[in-house]
K.L.:
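If you scroll down you'll find the structure; I have some questions about it.
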Amino acid sequence: MPETSQVAGSKGPAAPSLEGQSPGGYAWYTVAVLTVCYTLSFIDRQILSLLVGPIKAEFAVSDTQVGLLGGLAFSLFYTLVSLPAGRLVDRFNRRNIIAAGVFFWSLMTAACAVATGYPGLFLARMGVGVGEATLAPAAVSMISDSFPNEKLGAAMSLYGVGIYLGSGLALLVGGLVVQLITQTATLTLPFFGEIASWRATFLVTGIPGLLVALWVLTLREPRRRKALVAQDGAVARLTIAETVAEIAKRRVPVAAIALGLMFQAVALYAFMLWSPGVLQRSFDWTPQQTGLVMGLVVLIGGSFGMLMGGRLSDRGLIAGRRDAALRIATVSSVLGTAAFVALLWAQGSSAMATVAVFAVGVVLLAMPAGSCYAASQMVLPNQVRGQALALILFIANLGGLTMGPLLPGLLNDFVFRSEAALGMSLGLTLSVSTALAALAFGWGRTEYRRHHELLNP
């Protein structure tokens, strides 16, 4: 098995360490472009949450089918494609992979506008998942090679803000679209003719991505660092078996991060899809009210939580706490459990109490993600980072994207058997999943510290 060393890439002399250096402006420009991509991906992913009403009306589908559309349709290929995408990320130009992915998922988002039935919409959402599967492994790998460890939490959290910028903007845009639908049921557009107003939303969110794909091509591919080298000093080209062996050496920290992010993703995607419905069904809020309030809650609260999690993680690492990211993830998940238990009371009390719980909850939900992405990269050699992150995302998204949107719908349809019980269904889903996330993150801390010390002496 090759030895560990820091190198520039597939050729040439060893690259100097970034530790202790301040990242340059171009590194932050790279993060900014990738954050725009991530934001766009979540707009395309989450816009469905405020179009549930018109989709149910046009296609005559149930809450469970909506949950499948918001979860399985996207997650099936998103998770399956992420594994080979991770292999490509570790071997080929990451910038080009991202550009191709952005172009394809944007095209598939636009294709949702012309779906003639539920099966067609399901297939288009699968296409969105295929394209988006390329982004996270490549983007996280590029950022990791652009920043020293003590700045990586902040950089990765800035990238992770795209989750909440995209989801918040999706809610805001979705609210405006539903308002437009109440005024005019159809629109006449060039090339497309007369289409339902809700369908135009997919065009508005999908077409700009084609231009963003071209913007990605302005980025430079960063030099790869902390790679494994062979006995002759050349960068090792690992076989699949060797890659699996390297990840297996770190199985406890990898599994802890993967499982923690999976349970956190169950809560996140359940929250994103169904929280607007709680306000509409329990308190008769209009889609416009819901989109404005929840859009701001998600955009501001989620962005604040993501950035705070990254900053606290970096400070902990500088102070010598090598497991700082997992500490932050554990504590925020415990506090999130308490917040979402409060939802069980708030959703039957008042709209403002429910919004307050949502606001606190989304801050706590946001804190683990960026810092845990960064944490995963710090204990892995370069040649396996993309594949290990793809494996982590495979586990996280297979559970999170599938079960998160689906569980509240199942509880509503088959346990409580009432649309008015959505707040109870969502509260149970969120509180149990965040509690399980806390257990997973806490379990991996000791082994994580050990592997961090080995790779970062």
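No experiment lies behind these values; they were computed from the predicted model shown.
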K.L.:
Evaluate salt bridge (Lys or Arg N to Asp or Glu O under 4.0 Å) for E447 paired with K249, printing each intermediate quantity in order.
P.N.:
CA-CA 11 Å; E447 278 295 290; K249 289 179 184 178; over 6 Å; no
K.L.:
Checking R449 side chain against R322 main chain: does a donor-acceptor pair fall under 3.5 Å?
P.N.:
no
K.L.:
Evaluate the side-chain proximity of L123 to P119: yes if any heavy-atom separation is below 4.5 Å, no if none is.
P.N.:
no
K.L.:
Give me the atom names and distance for the closest heavy-atom approach of M262 to I395.
P.N.:
CG-O, 3.4 Å
K.L.:
Measure the shortest side-chain to side-chain distance between T434 and Q264 over non-hydrogen atoms and say whether it is less than 4.5 angstrom.
P.N.:
no
K.L.:
Can you name the nearest heavy-atom pair linking A339 to V360, along with the distance?
P.N.:
CB-CG1, 4.3 Å
K.L.:
Taking the side chain as C-beta and beyond, is there a heavy-atom pair between M367 and L312 under 4.5 Å?
P.N.:
yes
K.L.:
Examine distances only and state if a side-chain atom of S157 and a backbone atom of G160 form a donor-acceptor pair shorter than 3.5 Å.
P.N.:
no
K.L.:
Can you give me the closest heavy-atom contact between A256 and G444, atom names plus distance?
P.N.:
CB-CA, 3.5 Å
K.L.:
Do T218 and W215 come within less than 4.5 Å of each other through their side chains, counting heavy atoms only?
P.N.:
yes
K.L.:
State, to 0.1 Å, how close W105 and C37 come at their nearest heavy-atom pair, and which atoms those are.
P.N.:
CZ2-O, 3.6 Å
K.L.:
Counting N and O atoms only, with roles assigned by atom type, does the side chain of D90 sit under 3.5 Å from a partner on the main chain of Q387, one being a donor and the other an acceptor?
P.N.:
yes
K.L.:
So, taking the atom named CZ in F122 and the one named OH in Y118, what distance separates them when rounded to the nearest 0.5 Å?
P.N.:
5.5 Å
K.L.:
Do you see a donor-acceptor pair shorter than 3.5 Å between the side chains of S371 and S313?
P.N.:
no
K.L.:
For T109, give me all partners under side chain to side chain donor-acceptor pair (under 3.5 Å), at least two apart in sequence or on another chain.
P.N.:
D44
K.L.:
State whether the side chain of D145 and the backbone N or O of P222 hold a donor-acceptor pair below 3.5 Å, judged by distance alone.
P.N.:
no
K.L.:
For atom CZ of R315, is the number of surrounding heavy atoms from other residues, nucleotides or ligands below 6.0 Å larger than 12?
P.N.:
no
K.L.:
Under 3.5 Å, side chain of R251 to main-chain N/O of A248, donor-acceptor pair present?
P.N.:
yes
K.L.:
Is it the case that the side chains of S433 and Y269 hold a donor-acceptor pair, with the cut-off being a distance below 3.5 Å and no angle test?
P.N.:
no
K.L.:
Go through V355 and L279 one step at a time and tell me if the side chain to side chain contact (heavy atoms under 4.5 Å, CB included) criterion holds.
P.N.:
CA-CA 8 Å; V355 171; L279 295 173; 4.0 Å; yes
K.L.:
Do you know the tightest heavy-atom contact between L261 and A369?
P.N.:
CD2-CA, 4.2 Å
K.L.:
So, does S141 use its side chain to make a donor-acceptor pair with the main chain of P137 at under 3.5 Å?
P.N.:
no
K.L.:
Test ring pair (Phe, Tyr, Trp, His ring centres under 6.0 Å) on W28 and F147; report intermediate values, then the result.
P.N.:
CA-CA 9 Å; W28 290 109; F147 289 84; 4.7 Å; yes
K.L.:
Check the pair Y38, L165 against side chain to side chain contact (heavy atoms under 4.5 Å, CB included), reporting the backbone distance first and the verdict last.
P.N.:
CA-CA 9 Å; Y38 208 31; L165 290 177; over 6 Å; no
K.L.:
Look only at the side chain of S332 and the backbone of A329, and say whether a donor-acceptor pair between them is shorter than 3.5 Å.
P.N.:
yes
K.L.:
Between R385 and E246, is there a salt bridge with N-O shorter than 4.0 Å?
P.N.:
no
K.L.:
Rounded to the nearest 0.5 Å, what's the gap from OG1 on T205 to CG on L40? Could you check?
P.N.:
8.0 Å
K.L.:
Side chains of Y29 and L219: closer than 4.5 Å at any heavy-atom pair?
P.N.:
yes
K.L.:
State, yes or no, whether a side-chain contact exists between L299 and L169 at a heavy-atom distance under 4.5 Å.
P.N.:
yes
K.L.:
Looking at OH of Y78 and CZ of F394, how far apart are the two atoms once the value is rounded to the nearest 0.5 Å?
P.N.:
12.5 Å
K.L.:
Under 4.5 Å between any side-chain heavy atoms of V357 and W345, yes or no?
P.N.:
no
K.L.:
Determine whether S376 and L389 satisfy the following criterion, side chain to side chain contact (heavy atoms under 4.5 Å, CB included), listing intermediate values before the conclusion.
P.N.:
CA-CA 7 Å; S376 71; L389 185 66; 4.0 Å; yes
K.L.:
From I257 CD1 over to L391 CG, what is the distance, rounded to the nearest 0.5 angstrom?
P.N.:
11.5 Å
K.L.:
Do the non-hydrogen side-chain atoms of Y164 and T39 ever get within less than 4.5 Å of each other?
P.N.:
no
K.L.:
When rounded to the nearest 0.5 angstrom, what is the spacing between CZ in R281 and CH2 in W274?
P.N.:
5.5 Å
K.L.:
Within the distance-only criterion (no hydrogens, no angle test), does the side chain of N397 pair as donor or acceptor with the backbone N or O of G400 below 3.5 angstrom?
P.N.:
no
K.L.:
Supply the atom-to-atom distance T35 OG1 to L158 CG, rounded to the nearest 0.5 angstrom.
P.N.:
4.0 Å
K.L.:
Determine whether L426 and S275 satisfy the following criterion, side chain to side chain contact (heavy atoms under 4.5 Å, CB included), listing intermediate values before the conclusion.
P.N.:
CA-CA 8 Å; L426 182 60; S275 57; 4.2 Å; yes
K.L.:
Closer than 3.5 angstrom, by distance alone: can the side chain of N412 be matched with the main-chain N or O of L422 as a donor-acceptor pair?
P.N.:
yes
K.L.:
Of all the heavy-atom pairs spanning A267 and L365, show the shortest one and how long it is.
P.N.:
CB-CD2, 3.6 Å
K.L.:
Could you check whether atom CG of L217 has more than 12 heavy atoms from other residues, nucleotides or ligands sitting under 6.0 Å from it?
P.N.:
yes
K.L.:
When you measure from the side chain of T337 to the backbone of S333, do you find a donor-acceptor pair of N or O atoms at a distance under 3.5 Å?
P.N.:
yes
K.L.:
Are the aromatic ring centres of F271 and F358 under 6.0 angstrom apart?
P.N.:
yes
